[in-house]
Student: 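I am attaching a structure below and will ask some questions about it afterwards.
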Protein chains: 2
Amino acid sequence: MSLLETLEAQETENPATAGCAEPIRFPRPDGEDRYLISEVAEYTGLSPHTLRWYERIGLMPHVDRSHTGQRRFANKDLGWLDFVGKLRLTGMPVADMVRYAELVREGEHTFVERRELLEAHREVVHNRIAELQDSLTVLDHKIGTYAGATRAQERV
Amino acid sequence: MSLLETLEAQETENPATAGCAEPIRFPRPDGEDRYLISEVAEYTGLSPHTLRWYERIGLMPHVDRSHTGQRRFANKDLGWLDFVGKLRLTGMPVADMVRYAELVREGEHTFVERRELLEAHREVVHNRIAELQDSLTVLDHKIGTYAGATRAQERV
DNA sequence: TACTTACTTGGAGTGCACTCCAAGCAAGCG
DNA sequence: CGCTTGCTTGGAGTGCACTCCAAGTAAGTA
């Protein structure tokens, strides 16, 4: 049974906690959390290539390795990837995400800069939403003109 | 006086029509509407390079030329660029915009396909807005945690 | 006439975010 | 033992949307 199937089964078994985003449930409990890169790829939707690339550019903290040198991801890595995935969905440039990752690695004295980075990006996302909603109005208007024309065409 | 300055002056002179987006006011009245590529670049915010590239890939109908072969854009071209700009703001791929432009060139019998194209894209934009708003929640939450930490830091 | 400015072209280059390739190693299976 | 599968690496390739370059033409100004 793949990791995703396991998750889905859990969801089916316990619908009461579904949609409760706060404490993310990982496929394996802490202590038994050693995932292959392929499993993490399945979990995150990113390709193994991309996961290695994230590590290379410093967007991932260094991942633990097996005695043969293979990556063994832990639950904290999945949590980080979840958050990075959210930032990615907002359209944050990878360079900014790397900067944020650096700040996290530097420790607690970067809290202010981290907050400022996220707040600046929140503004960007806010403006982007407004922009999209504005263009959506134009799109709706245009579709409206075609709707009339289409009915005329259908009557022929 | 540049075209933009002219527009701004008009806006200042006649604030009553400001914000009335429907009938787009162009810098010059119909009949006197022959713009240089640099003027169109200023008007649209696109570079002359990009305007030529739009024409090359079929995203612009063929633009009229002067006797020396230079482009002379007309008001209808500005109107088209306004609309294309809106589509671009929604994140529509250039390939889709080109497809739409082709349909427009083919004539009225493509009304249905044009409407379908725009409606499909409206869905995409809708989903994107929802996605952004969702990630914004995560962002706000994260910023919240830093806000607390920052206050603690400031108290030191 | 010389210079400057703005336009023209095809094609090459850029930046971003992946995405893939070749070559090689380790484990499991018949 | 040979085969398959899945991992490893550095570096090259891809797709998108521009963005720029070189070489040339034409108009306007000193």
Side-chain angles (χ1 to χ4, degrees), chain A residues 1-4 34-60 62-74 77 81 83-101 121 124 128 131 135, chain B residues 1-4 34-60 62-74 77 81 83-101 121 124 128 131 135:
Chain A
M1 188 184 248
S2 76
L3 281 182
L4 269 194
R34 289 175 67 78
Y35 307 92
L36 297 176
I37 197 167
S38 56
E39 292 171 324
V40 179
E42 187 188 32
Y43 174 80
T44 60
L46 300 166
S47 73
H49 297 293
T50 302
L51 289 169
R52 292 190 200 104
W53 179 67
Y54 274 13
E55 194 180 339
R56 243 195 292 180
I57 65 175
L59 187 46
M60 276 293 295
H62 278 297
V63 177
D64 196 29
R65 301 294 178 119
S66 73
H67 69 104
T68 60
Q70 292 190 356
R71 286 173 185 79
R72 292 292 182 263
F73 290 76
D77 298 319
L81 285 170
F83 180 60
V84 163
K86 290 293 179 187
L87 292 184
R88 203 175 58 111
L89 279 183
T90 64
M92 181 185 274
V94 169
D96 290 7
M97 297 196 279
V98 170
R99 176 78 191 123
Y100 183 79
H121 187 59
V124 172
R128 180 74 183 128
E131 198 174 67
S135 326
Chain B
M1 188 185 251
S2 78
L3 280 181
L4 269 195
R34 289 175 68 76
Y35 307 92
L36 299 176
I37 196 167
S38 56
E39 293 171 325
V40 180
E42 188 189 31
Y43 173 80
T44 59
L46 299 167
S47 72
H49 297 293
T50 302
L51 289 168
R52 293 191 199 103
W53 178 67
Y54 274 13
E55 192 179 340
R56 243 195 292 179
I57 65 174
L59 187 47
M60 276 293 295
H62 278 297
V63 177
D64 196 29
R65 301 294 178 119
S66 73
H67 69 105
T68 59
Q70 292 189 357
R71 285 173 184 81
R72 291 293 181 265
F73 291 75
D77 298 319
L81 285 170
F83 180 61
V84 163
K86 290 292 179 188
L87 291 185
R88 202 174 59 111
L89 279 184
T90 64
M92 180 185 274
V94 168
D96 290 6
M97 297 195 280
V98 170
R99 175 77 191 125
Y100 183 79
H121 187 60
V124 171
R128 181 73 184 128
E131 198 174 69
S135 326

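Below, chains carry the letters A, B, ... as their sequence lines are ordered, and counting in each starts from 1. Only a predicted model underlies this, so the values are computations on that prediction, with no experimental measurement involved.
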Student: Measure from NE2 on B:His49 to C1' on C:dC7 and round the result to the nearest Å.
Tutor: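 Checked: the NE2 to C1' distance equals 11 Å.
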
Student: Just the rounded figure in Å: distance from C1' of C:dT8 to CZ of B:Phe73.
Tutor: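 Result: 12 Å.
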
Student: Rounding to a whole Å, what distance do you find between A:Met92:CE and C:dC18:P?
Tutor: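 Value for this atom pair: 14 Å.
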
Student: What I'd like to find out is whether the side chain of A:Leu81 reaches to under 4.5 Å of the side chain of A:Tyr54, using heavy atoms alone.
Tutor: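 Result yes, sub-4.5 Å side-chain heavy-atom pair found.
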
Student: Would you say A:Ser66 places a side-chain N or O within less than 4.0 Å of OP1 or OP2 belonging to D:dC7?
Tutor: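 Answer no for this pair, as no side-chain N or O of A:Ser66 is under 4.0 Å from OP1 or OP2.
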
Student: DNA chain C: A:His67 or B:Pro48, which has the more 5' nearest nucleotide?
Tutor: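 On the 5' side of the pair lies B:Pro48.
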
Student: Does B:Pro93 or A:Arg65 map to a spot on DNA chain D nearer the 5' end, using the closest nucleotide for each?
Tutor: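 In this pair, the answer is A:Arg65.
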
Student: Look at B:Arg56 and C:dT8 and indicate whether a side-chain polar atom (N or O) is within less than 4.0 Å of OP1 or OP2.
Tutor: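 For C:dT8, neither OP1 nor OP2 has a side-chain N or O of B:Arg56 closer than 4.0 Å.
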
Student: Quick check: does any side chain N or O of A:Thr50 sit under 3.5 Å from a backbone N or O of A:Leu46, one acting as donor and the other as acceptor?
Tutor: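 Answer holds: no.
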
Student: Among the candidates C:dT8, D:dG6, C:dA6, find the nucleotide nearest to the side-chain atoms of B:Ile37.
Tutor: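 Of C:dT8, D:dG6, C:dA6, C:dT8 is nearest to the side chain of B:Ile37.
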
Student: Spell out yes or no: do the side chain of A:Arg71 and the base of D:dG6 have one donor N/O and one acceptor N/O closer than 3.5 Å?
Tutor: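 When only heavy-atom distances are counted, A:Arg71 does not reach the base of D:dG6 through any donor-acceptor pair under 3.5 Å.
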
Student: Can you tell which of B:Arg72, B:Arg34, B:Arg71, B:Gln70 makes a side-chain hydrogen bond (donor to acceptor under 3.5 Å, both in side chains) with B:Asp64?
Tutor: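 Of B:Arg72, B:Arg34, B:Arg71, B:Gln70, side-chain hydrogen bond (donor to acceptor under 3.5 Å, both in side chains) with B:Asp64 is met by B:Arg34 alone.
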
Student: Can you measure A:Arg52 atom CZ to D:dT9 atom P for me and round it to whole angstrom units?
Tutor: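 Checked: the CZ to P distance equals 7 Å.
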
Student: Does any N or O in the side chain of B:Asp77 come within less than 3.5 Å of the main-chain N or O of B:Ala74, such that one atom is a donor and the other an acceptor?
Tutor: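 Yes: the side chain of B:Asp77 pairs with the backbone of B:Ala74.
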
Student: At under 4.0 Å between heavy atoms, what does A:Arg72 touch on the DNA or RNA strands: base, sugar-phosphate, or nothing?
Tutor: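 Nothing, no heavy atom under 4.0 Å.
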
Student: From C-beta outward on A:Trp53, which listed nucleotide comes closest to its side chain: C:dC18, D:dT8, D:dC21?
Tutor: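 Within the option list, the nearest is C:dC18.
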
Student: Is there a donor-acceptor contact under 3.5 Å from the side chain of A:Glu39 to the main chain of A:Leu36?
Tutor: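 Confirmed, A:Glu39 side chain pairs with A:Leu36 backbone.
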
Student: Within this structure, what is the CG-to-P distance between A:Leu51 and D:dC7, rounded to whole angstrom?
Tutor: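 It is 11 Å, rounded to the nearest whole Å.
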
Student: In whole angstroms, how far is the C1' atom of C:dT8 from the CG atom of B:Asp64?
Tutor: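 These atoms are roughly 16 Å apart.
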
Student: Between atom CG in B:Leu46 and atom P in D:dC18, what is the gap in whole Å?
Tutor: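 Going from CG in B:Leu46 over to P in D:dC18 covers 8 Å.
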
Student: Could you give the CD-to-P distance, from A:Glu42 to D:dC7, as a whole number of Å?
Tutor: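 Value for this atom pair: 11 Å.
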
Student: Strictly below 4.0 Å: does B:Tyr54 bring a side-chain N or O up to OP1 or OP2 of D:dC18?
Tutor: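 Yes.
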
Student: Would you indicate, yes or no, if C:dT8 has its OP1 or OP2 atom less than 4.0 angstrom from a side-chain nitrogen or oxygen of B:Thr68?
Tutor: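 For B:Thr68, the contact criterion (side-chain N or O under 4.0 Å from OP1 or OP2 of C:dT8) is not met.
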
